[in-house]
Amino acid sequence: MTPQELSSALARIVTDLVGARGLDLVVTDSDTQVERPKNRDHGDWASNVAMKFAKRLGTNPREFAQEVATAAESIDGVAKAEVAGPGFINLTLDAASAGETARRVVEQGENYGRSDVLAGQRINLEFVSANPTGPLHMGHTRWAALGDSTARVLRAAGAEVTNEYYINDAGAQMNKFGRSVLAAALGEDAPEDAYPGEYIQSLGARVREQIPGLAELAASDRDAALEQAQELAYQLQLAEIKDSLERFNVHFDVFFSERTLHADGEDGEPSRIAAAIDRLREQGHVYEEDDAIWVRTTAFGDDKDRVFTRGNGVYTYFAADAAYYLDKMDRGFTEKIYLLGADHHGYIGRLTAIAGAAGDDIETSITVLIGQLVNLNGARLSKRAGNIIELDDLLEWLGTDALRYWLARYPADSPLALDGEKLRSRSNDNPVFYVQYAHARTCAVDRNAAAAGLDRSAFAPELLTHETETELLGKLQQYPGIVAGAAELREPHRIARFLEEFAAAFHRWYDNCRVLPMGDEPITDLHRTRLWLNDAAGQVLRNGLDLIGVSAPERL
RNA sequence: GCCUCCGUAGCUCAGUGGAUAGAGCAACGGCCUUCUAAUCCGUCGGUCGCAGGUUCGAAUCCUGCCGGGGGCACCA
């Protein structure tokens, strides 16, 4: 008996009771969702359906609850149904029905927790998108972890997801980057507005090495030298970014170059930006004023209209954004998600306006998730302030697992601080170890069982009656709902928080219920059944950790 | 000024309109001759920023105020 099955059974019961009163009310599973009560005295699962419907039925919640409870007692697998408080229906499963979950988890393996609640959705998830003019730093790290985990959770719920990185490889920043690297390569003083940071020097050295005769070329044709140096430095830097991301266990399906939007089309076709502006003009959203070309984003809720083409004839950054959005649309994504830092929150209005201008439904086709920035030991990091801490440094210092777990366990809109001492500690200060330790323990039990000749030849779920077993089974049952909820809300931190609760339930069970026989005690079906439960617990820990990109070691 | 996020235990923070608001840390006290004590058990700890409102029911939704972060470009 799963919570989903329980909800369905309750929906049928309530439908019948409503029908018996001659009322025409539609009752769906979502009306009868059960929740895990905080208090164990309130049973295994509880429903508030009576309180929701009593008013519409013109009856007393407790009376209606009693009717539902009476019918619910005949559901197969339900041992007890009681009315409590203002009209809650508290359901208790019989031990065999609850215990059956362990076998189901083991049988479904890594598929346990996957669902199809988001089936049919084609989602484009854009995140990080850092300029390729320097290494990834801490400001990007949170979005990398959050974005990749979000994608994993969405996929687990059946969505088709493309992880996408937009490369700002056109425009003034790139030129500044090129000039900085060229000067470094030639041993010149840094230009006035040069990028700070030692990485420029090392890029300069590599550029000098890989472009023979650069100094001579610079002397005869400075622009040509700049172009070559800039291009090579860009490729080197982008490769390093990709490398860092892979080491952080973050995977992108598409690296989308802004240049492709600016480039002229084939056979004299206009660039994609020009084409995009034309398309929006045909929709009636583009106008000219003061020598500039504008888009009427205010028609879709933006505070002010935005410029596409400046008075000097140059496209704004936003024009490329618009063309990029249209490209995503043309690629058939049903939803475009942008994961941005709080410093970009002013972009929400204009981005959603472009979606509207392009003819998309702004309620469903675009989602802009804004996350708060990260602090490190109190000092917020910014590239401009010069105190850059690179992702690579953080990885070397803390490791992928600790860093990803910590960044994944807070809601995106919650301020977050990285505490190096905590992340390096091997204690309850550091929740990733707590969860990984639980997994390692399941593996230790498995090894010891094999050595002791304990096998899985029997499964007697009705024997799993210890209080801590009921708790652990309850957590196993909750897991699929947690994953589905995290996907629907785009909140992967729910997975991490659940894993911590799950690990706690496992540790308590481990402390109270031995899997292996003691000494020369004979092996019983209870031992064998508990081995199944141990397997199931390990499976859920693996599945959950995988959703946040963290490893599940077999030993610590 | 406008927009937006946040305000919950001493600290860091969870909490999808439900029952007595939770966890970790910190403090204090317990459990190892048996599967990993990186675990487990207990005690202490609250004006959910403030005030109204909606609701059978509000930390959660609405309004106003107070305090803090961020944002309000023909920059990228």
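The sequence lines fix the lettering, A, B, ..., with proteins before strands; numbering per chain opens at 1.
- If you check B/G18, B/U12, B/C40 against the side chain of A/His507, the one that comes closest is B/C40.
- B/U39 and B/U20 have their C1' atoms separated by 28 Å, given to the nearest Å.
- Heavy atoms of A/Ala440 sit under 4.0 angstrom from at least one base atom.
- Among the protein residues, A/Arg409 comes within range of no part of the nucleic acid, since none of its heavy atoms lies under 4.0 Å from any strand.
- Regarding A/Gln372, its CD atom lies at a distance of 17 Å from the C1' atom of B/A14, rounded to whole Å.
- Side-chain proximity of A/Pro86 to the nucleotides B/G18, B/C35, B/G15 is greatest for B/G18.
- For the pair A/Arg179 (side chain) and A/Ala194 (backbone), a donor-acceptor distance under 3.5 Å is absent.
- For A/Asp413, the side-chain atoms get nearest to B/C5 when compared with the rest of B/U39, B/C5, B/A14.
- Rounded to an integer number of Å, the gap from CZ of A/Arg306 to P of B/A73 is 7 Å.
- For B/U12 and B/C6, the C1' atoms lie 15 Å apart once the distance is rounded to whole Å.
- Ranking B/G15, B/C56, B/G71 by closeness to the A/Lys55 side chain, first place goes to B/C56.
- Rounded to the nearest Å, the gap between the C1' atom of B/C48 and that of B/U8 is 4 Å.
- The side chain of A/Ala444 approaches B/C35 more closely than any other nucleotide in the set B/A14, B/C35, B/U55.
- Checking B/G42 for Watson-Crick or G-U wobble geometry (two distances, each under 3.5 Å) identifies B/C28 as its partner.
- Counting to the nearest Å, the P atom of B/U20 and the CZ atom of A/Arg40 are 18 Å from each other.
- Checking side-chain atoms of A/Thr59 against main-chain N and O of A/Lys55 turns up no donor-acceptor pair under 3.5 Å.
- Side-chain nitrogen and oxygen atoms of A/Arg310 include at least one within less than 4.0 Å of the OP1 or OP2 phosphate oxygen of B/C75.
- Put simply, the side chain of A/Asp31 gets close to the backbone of A/Thr28: a donor and an acceptor are under 3.5 Å apart.
- Rounded to an integer number of Å, the gap from OH of A/Tyr405 to P of B/A23 is 16 Å.
- Counting only distance, with no hydrogens or angles, the side chain of A/Arg508 and the backbone of A/Ala503 share no donor-acceptor pair below 3.5 Å.
- B/C31 has its base anti relative to the sugar, with a glycosidic angle deviating from 0 by more than 90°.
- Computed from coordinates, the A/Leu373 CG to B/G69 C1' distance equals 9 Å when rounded to whole Å.
- Interface remark: the A/Asn48 side chain does form a donor-acceptor pair with the B/G18 base, using a distance-only criterion of under 3.5 Å.
- For the pair A/Ile348 CD1 and B/U4 P, the interatomic distance rounds to 9 Å; values are reported in whole Å.
- Remark: A/Glu488 CD is packed, more than 12 non-hydrogen atoms of other residues, nucleotides or ligands lying under 6.0 Å away.
- Across all strands, A/Asp290 comes closer than 4.0 Å to base atoms (heavy-atom distances).
- Taking the P atoms as reference points, B/G10 lies 29 Å from B/G53, given to the whole Å.
- The residue A/Arg514 sits close to a base: some heavy atom pair falls under 4.0 Å.
- A donor-acceptor pair is defined here as one N or O able to donate and one able to accept, closer than 3.5 Å; no such pair exists between the side chain of A/Asn430 and the backbone of A/Phe433.
- Within 3.5 Å, a donor on the side chain of A/His345 pairs with an acceptor on the base of B/C3, or the reverse.
- B/A21 and B/U60 have their C1' atoms separated by 11 Å, given to the nearest Å.
- Note on A/Arg441: every side-chain N or O is 4.0 Å or more away from OP1 and OP2 of B/U39.
- At distances below 3.5 Å, not a single donor-acceptor pair connects side-chain atoms of A/Thr133 with backbone N or O atoms of A/Phe177.
- For the OP1/OP2 pair of B/C40 and a distance below 4.0 Å, the side-chain nitrogens and oxygens of A/Tyr437 include no atom meeting the criterion.
- Backbone-only engagement by A/Asp343 is indicated by non-hydrogen atom pairs under 4.0 Å involving sugar-phosphate atoms exclusively.
- Checking B/C40, B/A19, B/A73 against every side-chain atom of A/Lys304, the shortest atom distance belongs to B/A73.
- Comparing the same atom, C1', in B/C35 and in B/C40 gives a spacing of 15 Å after rounding to whole Å.
- Spacing between atom OH of A/Tyr434 and atom C1' of B/A38 amounts to 11 Å, rounded to whole angstrom units.
- Side-chain nitrogen and oxygen atoms of A/Lys38 include at least one within less than 4.0 Å of the OP1 or OP2 phosphate oxygen of B/A19.
- Residue A/Tyr287 contributes atom OH, which lies 12 Å from atom C1' of B/C74 at whole-angstrom precision.
- Under a cutoff of 6.0 Å and an axis angle of 45°, A/Arg456 and A/Trp532 do not form a cation-pi pair.
- Nucleotides of RNA chain B nearest to A/Phe318 and A/Pro415 differ in position, and the one nearer the 5' end is that of A/Pro415.
- Dashed line: the shortest gap from a side-chain N or O of A/His493 to OP1 or OP2 of B/G15 is under 4.0 Å.
- Rounded to whole Å, the separation between the C1' atoms of B/G30 and B/G46 comes to 26 Å.
- In terms of position along RNA chain B, the nucleotide closest to A/Ala484 lies nearer the 5' end than the nucleotide closest to the other residue of the pair A/Ala484 and A/Asn448.
- Stacking of A/Phe88 onto the six-membered ring of B/A19 is present: less than 5.5 angstrom between centres, less than 30° between planes.
- Atom name P, nucleotides B/C5 and B/A14: the rounded distance is 15 Å, in whole Å.
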